[in-house]
Participant: 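Please see the structure below; I have some questions.
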Amino acid sequence: MDILAVSDPFIKALIANDFLQRALFTGLLIGFVTPLIGSFVVIKRLSFIADTLSHFSLAGLSIGTYLITVLGFVWIADELYLAMIFSVIGAFIIEILRGYYQNYKEISMPIVMSMGTALSGLFISLSGGISLKLYNYLFGTILTVDDGFVRVITVVTVVVVLLLVIFYKQMVMISFDETYAKLLGIKVRRFQFMSTLILAVVVSISLATVGVLLVSSLMIIPVAGAMKVGKSFKNTVSIAILFSEISVVGGLWLSYELDFPTGATIVLCNVTILLSIGIIKYFINLYRLKSDKMTTT
Amino acid sequence: MRVNVTNLTFGYDYRTVLKDISFSLKSGDFLAIVGNNGSGKSTLIKCMLGINKIPNSKIFLDDIDITNYKNFRNIGYVPQKFDDFNYEFPITVNEILSASRYSKLSEDDVLLILDKIGILELQNENINNLSGGQLQRVFIARALMNKPKLLILDEPTVGVDKENVTAFYKAINELNQEGITVILITHNLREADCHFTHMISLHNGEGVFKEVVREDE
């Protein structure tokens, strides 16, 4: 078995190459933290928010590209840091708009998304068209993450997990029943602000794995699958994390073996798991229905 | 909990919903609020829960003006509908109760409450699998997690079958006898087999408060 494992070209390459080890470690961290946050996003029926923030991050990436390549602000080092800042700004704008349109809170999403897309279009054009680096950010660049970025992702993951452990009760209560959370004296606005901020940071760091266009799938698809098989809240979140990690490892392995783009392969692994659950559940229900009919006749 | 409401008038925009409501309850009292749809019953409850913002010196809870009242955990609230609860995501009864618990209630105390409410066997059940009546009792258990001094129930038996309604009111009467002040909104007084001490009949926002004298007393 061990000989088989080491003879696998992916395992061999993983042992030999730092960049693959960094990619796997980054993928595992993001695969852990995204469904964790995604679960709370799904409960609150805010699945669209991750997509909105990733599109607003794209504005940060394009402005970053313009500043670095056209104006020569090389001290910015990486557009991804600007994407992170824009994701946070986007989250704040969403929160302000959600407060402003109390009865039409979902309006905030298309406004922020449009703003992000328009700014991206403008600055991509000012930079002389879409660069290869920016194109890579659209679909993910996990194989090129450097040590600095791995450190950022590690710190973010640790902080997010710590915050969720400390404020677990409050986060669960606010997500499931905001009105009752207020009655319990929980500072709902303060926690919403904190969770939106966490979400913004997680979205922006996830850009490195699957890119702007696919980032929301990392947060939502594993949770969507886990919801169908989970028995409790903690069980569902754990299953979502498991699905996500399987997709990351499976996606990296397949993309290496088949020479597919990594981000897209990870997302397609997630989708395959979701579809498999749907099909298995369908046949289980069919079998149960038949068994019930047999016992009644 | 002592409750004093003095000349409370409240409205939304230009429409007055509650007109000059006054009543007073002492610890262990049981108030029934009756009235047709739109008579102002739920608005009155929202004022008492601090959800509707009202001027000073209108509502006092244990002699503290509600505008300065901080510890709403002393109030257990069971809503009429569960629209505010996102219950399609899997979560067990125990997980809901533990997320709602901020008092020093021991695990044994929680089990006693579940037993009294009749949902002991449901503690590890996913709430998506519960019936309307069972769900209602879960929310009563939730309201009891912080040892409330006042329990407010907003038409809690709507959509609950008759057998469960009887068990439900039995549990409420027992809680009231333990000293918890109870306020129950209902449009079906006959169904509510409770030991009311007071009653308010609301009509177009105007209320008549009276003491209930039981025939067996």
Side-chain angles (χ1 to χ4, degrees), chain A residues 35-47 102-103 105 164-188 191-192 195 219-220 222-241 243 277 281 288, chain B residues 42 45-46 48-53 61 66 69-103 122-129 135 138-148 150-152 154:
Chain A
L36 194 64
I37 296 295
S39 299
F40 292 98
V41 170
V42 170
I43 299 168
K44 295 196 80 181
R45 295 183 166 84
L46 285 173
S47 303
Q102 282 285 334
N103 297 319
K105 289 183 176 176
L164 284 181
V165 169
I166 296 168
F167 298 115
Y168 171 77
K169 275 167 81 162
Q170 289 88 338
M171 290 294 285
V172 169
M173 191 41 73
I174 290 170
S175 307
F176 277 94
D177 194 342
E178 203 177 300
T179 310
Y180 204 76
K182 281 179 192 162
L183 282 180
L184 288 174
I186 298 170
K187 306 285 181 204
V188 173
F191 276 100
Q192 263 170 353
S195 49
M219 288 201 167
I220 310 303
V223 181
M227 274 173 77
K228 291 291 164 200
V229 287
K231 302 285 179 218
S232 67
F233 177 71
K234 283 181 182 166
N235 175 247
T236 307
V237 176
S238 308
I239 294 172
I241 291 170
F243 287 167
I277 290 166
K281 285 277 283 184
R288 278 187 188 152
Chain B
S42 294
I45 292 306
K46 282 180 184 168
M48 300 188 63
L49 290 169
I51 296 171
N52 287 340
K53 299 295 169 205
L61 303 174
I66 199 166
Y69 198 78
K70 301 281 179 222
N71 201 357
F72 280 94
R73 285 176 195 166
N74 282 333
I75 304 175
Y77 172 58
V78 181
Q80 181 184 357
K81 292 176 190 164
F82 310 122
D83 294 354
D84 290 337
F85 197 90
N86 296 322
Y87 51 90
E88 278 171 42
F89 198 93
I91 186 166
T92 64
V93 171
N94 257 345
E95 284 177 322
I96 295 173
L97 298 183
S98 109
S100 317
R101 199 164 88 217
Y102 285 85
S103 65
L122 300 178
Q123 55 179 312
N124 294 316
E125 200 66 50
N126 180 354
I127 60 157
N128 291 315
N129 302 332
L135 204 56
V138 170
F139 284 94
I140 292 166
R142 180 178 76 166
L144 297 174
M145 282 300 105
N146 296 307
K147 298 182 181 171
L150 170 66
L151 190 57
I152 298 178
D154 189 355

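What's counted below: heavy atoms across the whole structure, side chains too, no hydrogens, waters or symmetry copies. Labels below follow one simple rule: chain letters A, B, ... track the order of the sequence lines, proteins then strands, and each chain is numbered from 1.
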Participant: Checking heavy atoms, do the side chain of B/Ile96, its backbone, both or neither come under 4.5 Å from chain A?
Facilitator: backbone

Participant: Would you give the length of the straight line joining atom CD of B/Glu125 to atom NZ of A/Lys231, rounded to the nearest 0.5 angstrom?
Facilitator: 9.5 Å

Participant: When only pairs under 4.5 Å are counted, which of A/Gln170, A/Glu178, A/Met171 shares the most heavy-atom pairs with chain B?
Facilitator: A/Gln170

Participant: Applying side-chain contact (heavy atoms from CB on, under 4.5 Å), run through A/Ile43 and B/Ile91 and close with a yes or a no.
Facilitator: CA-CA 11 Å; A/Ile43 299 168; B/Ile91 186 166; over 6 Å; no

Participant: Do the rings of B/Phe89 and A/Phe176 sit parallel, tilted or perpendicular, given the 30° and 60° boundaries?
Facilitator: perpendicular

Participant: Counting only non-hydrogen atoms closer than 4.5 Å, does A/Ser39 touch chain B with its backbone (N, CA, C, O), its side chain (CB onward), both, or neither?
Facilitator: both

Participant: Measure the spacing between OG1 of A/Thr236 and CG of B/Asn126 and express it to the nearest 0.5 Å.
Facilitator: 7.5 Å

Participant: Does any heavy atom of chain A fall under 4.5 Å from the side chain of B/Asn94, the backbone, both, or neither of them?
Facilitator: neither

Participant: Quick check on B/Glu88 against chain A: is it the side chain, the backbone, both or neither that has a heavy atom closer than 4.5 Å?
Facilitator: both

Participant: Roughly how far, to the nearest 0.5 Å, is the OG1 atom of B/Thr92 from the CG atom of A/Asn235?
Facilitator: 10.0 Å

Participant: Just verifying a value: how many Å separate B/Ser100 OG and A/Ile186 CD1, rounded to the nearest 0.5 Å?
Facilitator: 8.5 Å

Participant: At a heavy-atom separation under 4.5 Å, does A/Lys182 approach chain B through its side chain, its backbone, both, or neither?
Facilitator: neither

Participant: Working note: B/Leu49 + A/Leu183, criterion side-chain contact (heavy atoms from CB on, under 4.5 Å); need CA distance, chi angles, decisive distance, verdict.
Facilitator: CA-CA 7 Å; B/Leu49 290 169; A/Leu183 282 180; 3.9 Å; yes

Participant: Mind listing the closest non-hydrogen atom pair of A/Lys169 and B/Tyr102 along with its distance?
Facilitator: CB-OH, 4.0 Å

Participant: Does any heavy atom of chain B fall under 4.5 Å from the side chain of A/Ser232, the backbone, both, or neither of them?
Facilitator: both

Participant: Would you say that more than 12 heavy atoms from the other residues, nucleotides or ligands in this model lie under 6.0 Å from the NZ of A/Lys105, or not?
Facilitator: yes

